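Right, one structure below, let's go through it.
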Amino acid sequence: MNQAANRKLAIMFTDLVGYSSMMVANEEQAIKRLAEYRDILFRIIQTHSGKVIDSAGDSVFASFSNLRQAAEAALEIQRSLQQYNKDHADPIQARIGLHYGEVLEKGDIVYGDDVNIAARLESLGDPEGICISEPVYQSLQPQQQRDCVKFGRPELKNIGSNLQVYHLFHGPVSVAKRLQLQFRRLKIYLGTHKFISLALIAAMLLLVMYASATIFSSPPSRDYQVALNKIQNLNPDSLPQYYTIGIEDEIRARIQRIPRVFVSTAEDQGRADVIISGSMQRQTGRVRLTYRIVRADNGVLVGKGSVDGELTDMWTLQGKLVDGIEQALSQQWNLPIASKKTATPNISAQAYQYYLQAREYAKRPDDRKTLAVSISLYKKALDLDDGFAAAYAGLCDAYWGTYLLEKDTGKVDQAEQACLQAQALNAESAEVQTALGEIYRGTGKLTQSIAAFNRAISLEPRNISAYIGLADAYANNDQPDLAEQTYLRAVGLQPGNWKAWVSYGGFNFDRGDFARAETAFRKVVELVPDSVDAYANLGATLLFQGRIKEAAQIFGKQAQLDPSATILSNAATMYYYDGEFEKARELYQKAIRLTPEQCLLWSNLADALHQIPERQNQAIESDRQALIRCNKETEINTDDKIILVIISRLRARLGQMEAARELIDKNDLQHSSDPSVQLYLALTYAHSNQLDAMKNALAQAVKQGYPRFLVKAEPAFAPFRNQHWFESIVQGDQPENQK
């Protein structure tokens, strides 16, 4: 029998505001909104390592072993509901109560006085905040405590002791909200102290209004976006371009110190509040760095500045430059700079120069040469300064990239060691944790991968790369629900980040949810309309939904962007299945001009030509050209069953039926487990009018996984489409003589 055990937990109670009224007004709509509300809550609770104890009706009872995670979960719930309400006409609001104390836990049951306290706090909750007890308040960061409103010690029904209560919000609290809460506090007080005179009530109300207007005034609660243009090198002939990378990195890192201010990604710059630009210029042996900040909407100057010094002091100079930027942004929005400052590392100028050179190589597409050069440069930096954490992090990425190219497992160990060394030097680096997460995921250490990505997110809550990596790790770890939630969190944080949409689309494609995959890949095409891969992903998604005409159009657009032989051939095949044989012929011929020795291209061209009555002579000539090239390919690989079955089909079309049958029997193609081989066999038998053999091969192709919609779309099977046996195969049943 399970014994009850004492344990300290954070307890959360929530309920949906106005749910009873919703049910009276429109029961069906209320149930739908309750489901959406629960989806939001359950996702966030799980993401923050919480556990749902009970969810009766519109109430949710959850527990957390970590108090800070509980508080972050509660704040994220309110942020997510506010975002939901921006996109929906009917708002969803929740009251949340959060308390930390000792409870009794027996199996899945949690009870005790502290559970009751959390439930009472929920009833006091504000629909925009979280009602918390003193233990929760004491666990908050100083900035979060500033976002609290003290609510006194209200009497909690059937609770012996009166705790100090606060209302926590996810940002500075407006005067109106503070006043509203003070009125509620006064109303509760009057409900238990009915002897107070009307004059005293009026005086108290005036006091509340005065205090709210003079003491609690605070800046509006919102996030600010900063667009960072590339730092311009005005003397590229005498100043290395890689120095600008260090300046840009420093700006990004330091802006994160200002609460609610974020550097936009390139995709999000259209929503920026201000734009930062800067330059680097050589002046008689010295260097000058400048910056300029303007408002994005009207170009009004917000701040500008410059610093001068020796090139060897670049690290110090860029730090001074960014001090000015940080101060200007802080003053612009009346926001504090975080008191915790990152210590300026004592790194030699030469080591820093090697590091920046390596970073410049790291930005290029991965190949063996660029990775080898970047590894060499990172090592030179570390030879000069073995305490250079950023250089170890870069070395980790470079080793991992080399492994992905060469599959040399020794590089995995080197990458992991470099990342761990970087972590030992700077445990607060989200970049290092993200790199570790990728390594662990790539090597199957999924528990460690998930932990590393979560650590990165706790250090940098808007680190999209960490969210994507975490979602991928959940998917690899057979946790699709958590993967789904995390992908959605990523695209919710940065809707303009195409990489997040690509990963989400791939996740849905892999699990066969082609409708959601299509939505994601269409978003990618919208964001990066010149991406060849974006059209390939969308086209494949449409194809697997059986929407061949649309797939043909998408693959056609892909071919316009990149008219390579493979892409032209894919587009041609889609047009072939869609019945646009002239278009297919045109594209196959373009592909053949690029790679004239591919026998499969010639065979596909012949397929298209055979469907065009006036091009039969060209079709036969294409069969001959295909046969010549396929025979050459068998000289290289005598056991390629796909090429062998294509040859058998070509011989059948050229009237060489005996040779076709001999090839099939000699290589035992009838018993192949490859669905494409069985499909080509069915096409071969169709030419020789061997109906039973064709049925058997076609049934085997479908049974082994050949897509039914492609079987149905194949023009060569057009004469059989209305026959019962063909429909049975396409629907997944065996033909009658197979039963």
Side-chain angles (χ1 to χ4, degrees), residues 480 484 501-502 504-526 532-560 566-588 600 603-604 607-608 610-611 642 674-683 686 694-695 697-735 738:
E484 169 90 11
W501 286 107
V502 166
Y504 183 49
F507 164 74
N508 283 302
F509 188 94
D510 289 343
R511 64 177 181 166
D513 191 341
F514 300 121
R516 288 191 181 184
E518 179 190 346
T519 299
F521 289 140
R522 285 195 183 279
K523 185 67 176 179
V524 178
V525 169
E526 175 189 326
V532 174
D533 290 340
Y535 285 100
N537 290 333
L538 178 57
T541 304
L542 294 168
L543 176 61
F544 275 81
Q545 294 179 80
R547 293 154 62 184
I548 294 172
K549 183 178 289 293
E550 295 172 75
Q553 293 170 350
I554 293 298
F555 280 118
K557 290 180 180 178
Q558 184 195 21
Q560 291 174 4
T566 300
I567 292 175
L568 287 167
S569 176
N570 288 341
T573 300
M574 291 302 99
Y575 284 116
Y576 170 75
Y577 282 128
D578 192 40
E580 294 192 41
F581 303 120
E582 278 290 354
K583 185 68 174 176
R585 175 197 63 80
E586 176 188 340
L587 293 175
Y588 280 135
L600 185 57
S603 175
N604 289 342
D607 288 346
H610 276 289
Q611 299 299 322
I642 291 290
D674 187 325
S676 295
V677 171
Q678 295 294 341
L679 190 281
Y680 273 109
L681 271 178
L683 292 170
M694 183 186 73
K695 290 180 182 179
L698 200 54
Q700 286 300 311
V702 170
K703 183 179 179 180
Q704 292 167 7
Y706 200 89
R708 294 185 177 91
F709 65 88
L710 289 183
V711 173
K712 193 170 185 177
E714 171 59 58
F717 294 137
F720 312 109
R721 283 179 188 155
N722 295 326
Q723 297 188 25
H724 175 70
W725 65 265
F726 186 83
E727 283 296 326
S728 296
I729 290 175
V730 171
Q731 296 304 322
D733 300 325
Q734 295 291 322
Q738 291 290 304

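What you see is a predicted model; the values in this text were computed from it and never measured. Side chains included, hydrogens not; waters and symmetry mates left out as well; all remaining heavy atoms used.
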side-chain contact (heavy atoms from CB on, under 4.5 Å) filter on A697, not counting sequence neighbours, yields Q678, L681, A682, Y685
For D513, the salt bridge (Lys or Arg N to Asp or Glu O under 4.0 Å) test, sequence neighbours excluded, returns R516
Over 60° means perpendicular and under 30° means parallel, so tell me whether F709 and F544 are parallel, tilted or perpendicular. perpendicular
Review point. Can you find a heavy atom in the side chain of K695 that is under 4.5 Å from one in the side chain of Q723?
Key: no
Taken to the nearest 0.5 Å, the spacing of R547 CZ from E518 CD works out to 4.0 Å
Shortest non-hydrogen pair, R721 vs A713, comes out as NH2-O, 3.1 Å
Sequence neighbours excluded, the answer for ring pair (Phe, Tyr, Trp, His ring centres under 6.0 Å) partners of Y504 is Y487
When rounded to the nearest 0.5 Å, the distance separating CD of Q700 from CD1 of I729 is 10.0 Å
Across all chains, not counting sequence neighbours, the salt bridge (Lys or Arg N to Asp or Glu O under 4.0 Å) partners of E586 are K590
Any salt bridge linking R522 with E526? Criterion: basic side-chain nitrogen under 4.0 Å from a carboxylate oxygen. no
Applying ring pair (Phe, Tyr, Trp, His ring centres under 6.0 Å) to Y576 and not counting sequence neighbours gives F581
For L543 and M574, the nearest pair of non-hydrogen atoms, with its separation, is CD1-SD, 3.7 Å
Residues passing the side-chain contact (heavy atoms from CB on, under 4.5 Å) test with A517, sequence neighbours excluded, are N508, F509, F521, T541
For R585 and A608, the nearest pair of non-hydrogen atoms, with its separation, is N-CB, 4.3 Å
Rounding to 0.5 Å, atoms OH (Y535) and CD1 (I567) come to a distance of 12.5 Å
Hits for side chain to side chain donor-acceptor pair (under 3.5 Å) against N537, two or more places apart or cross-chain, chain-then-number order -> none
Under 3.5 Å, which donor-acceptor pairs link side chains of residues 551-560 to any protein atom two or more places apart or in another chain?
{"from": "Q558", "atom 1": "NE2", "to": "V532", "atom 2": "O", "distance (Å)": "3.4"}

Residues at least two apart in sequence or cross-chain that pass side-chain contact (heavy atoms from CB on, under 4.5 Å) with S676, listed by chain then number, are I642, D674, Y706
Side chain to side chain donor-acceptor pair (under 3.5 Å) filter on E580, not counting sequence neighbours, yields none
CG of L568 to OG1 of T573, rounded to nearest 0.5 Å, is 10.5 Å
Sequence neighbours excluded, the answer for salt bridge (Lys or Arg N to Asp or Glu O under 4.0 Å) partners of E714 is none
Hits for salt bridge (Lys or Arg N to Asp or Glu O under 4.0 Å) against K549, two or more places apart or cross-chain, chain-then-number order -> D578
CG of L683 to CG of D607, rounded to nearest 0.5 Å, is 7.5 Å
Distance col, row W501:CH2 vs T519:OG1, nearest 0.5 angstrom, shows 8.0 Å
Please step through side chain to side chain contact (heavy atoms under 4.5 Å, CB included) for the pair V711 and L698, ending with a clear verdict. CA-CA 8 Å; V711 173; L698 200 54; 3.8 Å; yes
